[in-house]
Amino acid sequence: MPGVCLGRKRPVPSCPNPLFLQWLTELRDSAKEKGLKTQYVYQKAINSLKKYPLPLKNGKEAKILQNFGDGICKILDERLQKHYRENGSDAPIHLATSCHRSNMASSKQMEEPQKEPSGNLSEHMKQTQKEVRKEKGTKKKREYVPQKKSGGYAVLLTLYRHTQMPGSKGFMFRNELQTEAQPLCEKSFTVPDLGSKYTAWSSVSTLIQKDLLVKTHNPARYSLTDQGLALAEKLDSEDEEEDSQDGPDVVDLTSEEEDEEEQEDKETHISESDATGKSQTLESGRTATSWHLPPGSYDIVLCVDVIETTGGSSGRKQELVKELQRNCVTFDIRKLNVGDFLWVAREKVTPVPGQLRPPVGKELVLDYIIERKRMDDLCGSIIDGRFREQKFRLKRCGLRKPIYLVEECGSAAAHLSLPESTLQQAIVNTQVVDGFFVKRVQDVKESAAYLTIMTRYLQKLYHVCFTVKSIELEEFNYGAIKNKCQTVREVFARQLMQISGVSGDKAAAVLEHYSTVSSLLQAYDQCSSESEKEKLLSSIKYGKLKRNLGPALSRTIYQLYCTRGPLS
């Protein structure tokens, strides 16, 4: 039988880099006191340093260790330089001081219990156990709790509430789980965010890794584990508490954000219709009706202009409808006289006994309206003048948040009648000068994704009780009729806007002083000289900044209406 070597084990040195360990511990404790998340970074670095068996000469060498980045290495080098300045350039930084003493003390403690009474031994054991418990406490992992309105949060709550229903199967298939969990989640379970490949469903893999969810069978069945059931129950109780604390606040759906600007707009409105024939409902005597819609008594519905679904490239337009259907968006196809997309708050109605059809619910227009432009359409509208007219009609339609949705269409812009720089400048002017929100997308699929996100955003925004102050969709559409009968004032405004450099604001400013061509010609006749006639309109103020119309534009308008024969 081979001989067995008996003897006491040599104590293994536990800290070959005691100063670095001490400094990192101080940094971790300091961050913990301040409640900073960097405490977890320092703790990971401490764990890596404890496992490394070799001495380090400086912080730069520590970069080979896991969880040591440039920041931590720089801090260690700064501390080391300070240590050398205070204790000399040859001051020990490894085992020569503190660790050697601790090792000697530990070896003595192993020998002394044989000579000391049992009372000291028990005290030493208790102290050791306390230190072990402290070390274990620092290594305890935080409990995983998904963020509210995230994909994991929605999946856990949906599965939990499904299990609480009588006759529940205890599991759900993927399609039904996505459908029922979608209202609880801010992101889509099927459509990734723009620029990302992940959806809310991607969080399911995290739930499975955290042992909160189980996936079985084919087709897949999803069910909660005991741990997931406990967490979901906790989330559900917190959700109910928050709902109970939220009172039935009353919010104005179209709250007046800029009263002064609205007052100016009312003063500068041309008449029942603006310069391009867009009706102003406030000036036509139709006041916005106020409706009280309690939670659950209405739906937010996307309205799509019929032109966006038929005619032209029908295959491309049908693709938009299919994408919206695939994203489970509630939408209606309507004839819209201004804009391509808008949203309404549709009142829910209950059927009346004895009547064939339920009563018609109110449809109140929200403040968001979208004009969609492909690059080729944008080019054509700039050439034929529709671009400026459409922007002016959108600004005067009464909805405060107009949006321009621009489809880039890849390299198609390189083969258009106008240079790409001109198109890009027009888009920038729409955002900077006209104050529209401009959203750029690549194709129809991204347009549908943006409309989906906007619809869900508005559904979330308007989920409390509202006092709706807006006009009905039918009334809004009637006011937006483009080619209805026009007054002399409206025709005069349209004439002015055909002049290069005359915008809607400038035309409205001229109409405040001279509402018809006849009144303008009478004013010219009263002028004593040719120079006075040319400068008649130059001092008229327009727009929010109240700038002068200018002598050049005033002279152009004079020449148009007072020159006999062709203009030179």
Side-chain angles (χ1 to χ4, degrees), residues 256-270 273-278 280 338-342 367-408 413 416-441 450 454 480 482 493-512 537-554 556-557:
E256 296 181 4
E257 298 172 354
E258 301 173 352
D259 293 337
E260 294 180 0
E261 293 183 7
E262 281 191 6
Q263 186 64 30
E264 290 178 3
D265 288 344
K266 290 178 184 178
E267 293 172 358
T268 58
H269 280 173
I270 297 169
S273 301
D274 61 22
T276 59
K278 170 71 188 69
Q280 303 299 326
V338 63
D340 297 321
F341 307 93
L342 57 81
D367 254 345
Y368 297 81
I369 185 169
I370 291 181
E371 179 73 25
R372 174 177 167 227
K373 288 287 184 188
R374 279 170 52 94
M375 275 297 188
D376 52 356
D377 184 26
L378 177 63
C379 177
S381 64
I382 292 175
I383 292 173
D384 62 21
R386 286 183 295 116
F387 181 60
R388 186 175 61 175
E389 180 190 12
Q390 286 172 346
K391 287 194 297 183
F392 187 71
R393 294 180 67 215
L394 281 172
K395 283 198 285 187
R396 295 294 187 180
C397 72
L399 305 185
R400 298 185 187 89
K401 300 188 185 297
I403 300 170
Y404 245 78
L405 183 62
V406 182
E407 289 184 9
E408 302 283 356
L416 299 176
S417 306
L418 296 176
E420 188 175 358
S421 58
T422 302
L423 300 179
Q424 296 296 340
Q425 186 64 54
I427 294 171
V428 172
N429 288 346
T430 301
Q431 184 168 10
V432 178
V433 179
D434 299 307
F436 286 20
F437 177 79
V438 175
K439 177 65 180 177
R440 296 169 182 252
V441 294
Y450 180 69
M454 276 295 298
K482 184 177 179 180
R494 293 176 70 88
Q495 286 180 353
L496 289 174
M497 289 187 64
Q498 300 308 309
I499 302 173
S500 178
V502 178
S503 63
D505 290 336
K506 293 177 181 178
V510 173
L511 290 178
E512 283 184 2
L537 307 178
S538 61
S539 59
I540 291 178
K541 309 289 183 182
Y542 74 92
K544 297 176 182 177
L545 299 179
K546 299 301 180 184
R547 293 177 178 173
N548 290 332
L549 206 61
L553 205 55
S554 176
T556 301
I557 296 174

Distance-only donor-acceptor pairs under 3.5 Å for side chains of residues 497-507, two or more places apart:
residue: Q498; atom: NE2; partner: R494; partner atom: O; Å: 3.4
residue: D505; atom: OD1; partner: R396; partner atom: NH2; Å: 3.4
residue: K506; atom: NZ; partner: G501; partner atom: O; Å: 3.0

Review item, side-chain donor-acceptor pairs of residues 421-429, under 3.5 Å, at least two apart:
residue: Q424; atom: OE1; partner: R440; partner atom: NH1; Å: 2.8
residue: Q424; atom: OE1; partner: R440; partner atom: NH2; Å: 3.2
residue: Q425; atom: NE2; partner: N429; partner atom: OD1; Å: 3.0
residue: N429; atom: ND2; partner: Q425; partner atom: O; Å: 3.4

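Between the CG atom in L553 and the CG atom in N548 there is a gap of 11.5 Å [rounded to 0.5 Å]. Within the model, atoms CG of L394 and OG1 of T430 stand 10.0 Å from one another, a figure rounded to the nearest 0.5 Å. Separating the CD1 atom in I383 from the CG atom in L378 is a distance of 10.0 Å, to the nearest 0.5 Å. The distance from the OH atom of Y542 to the CD atom of E512 is 14.0 Å, given to the nearest 0.5 Å. With rounding to the nearest 0.5 angstrom, the CD atom of E407 is 10.5 Å from the CE atom of M375. Between atom CG of residue L511 and atom CG of residue L496 there is a gap of 6.0 Å, rounded to the nearest 0.5 Å.
By the 4.5 Å heavy-atom criterion applied to side chains, F436 and K395 are counted as neighbours. F341 has its side chain out of reach of I403: every pair of non-hydrogen atoms, C-beta onward, lies at least 4.5 Å apart. In this structure, the side chains of S554 and L549 stay at 4.5 Å or more apart for every pair of heavy atoms.
Using bins of under 30°, 30° to 60° and over 60° for the plane-to-plane angle, the ring pair F437/Y450 lands in the parallel bin.
With sequence neighbours excluded, the residues that form a salt bridge (charged side-chain N to carboxylate O under 4.0 Å, His left out) with R386 are D377, D384.
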Give the intermediate values and the outcome of side chain to side chain contact (heavy atoms under 4.5 Å, CB included) for residues K439 and I370.
-> CA-CA 10 Å; K439 177 65 180 177; I370 291 181; over 6 Å; no

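Closest approach of I369 and V338 over heavy atoms only: CD1-O, 3.6 Å.
A salt bridge between D434 and K391 is present, with a side-chain N of the basic residue lying under 4.0 Å from a carboxylate O of the acidic one.
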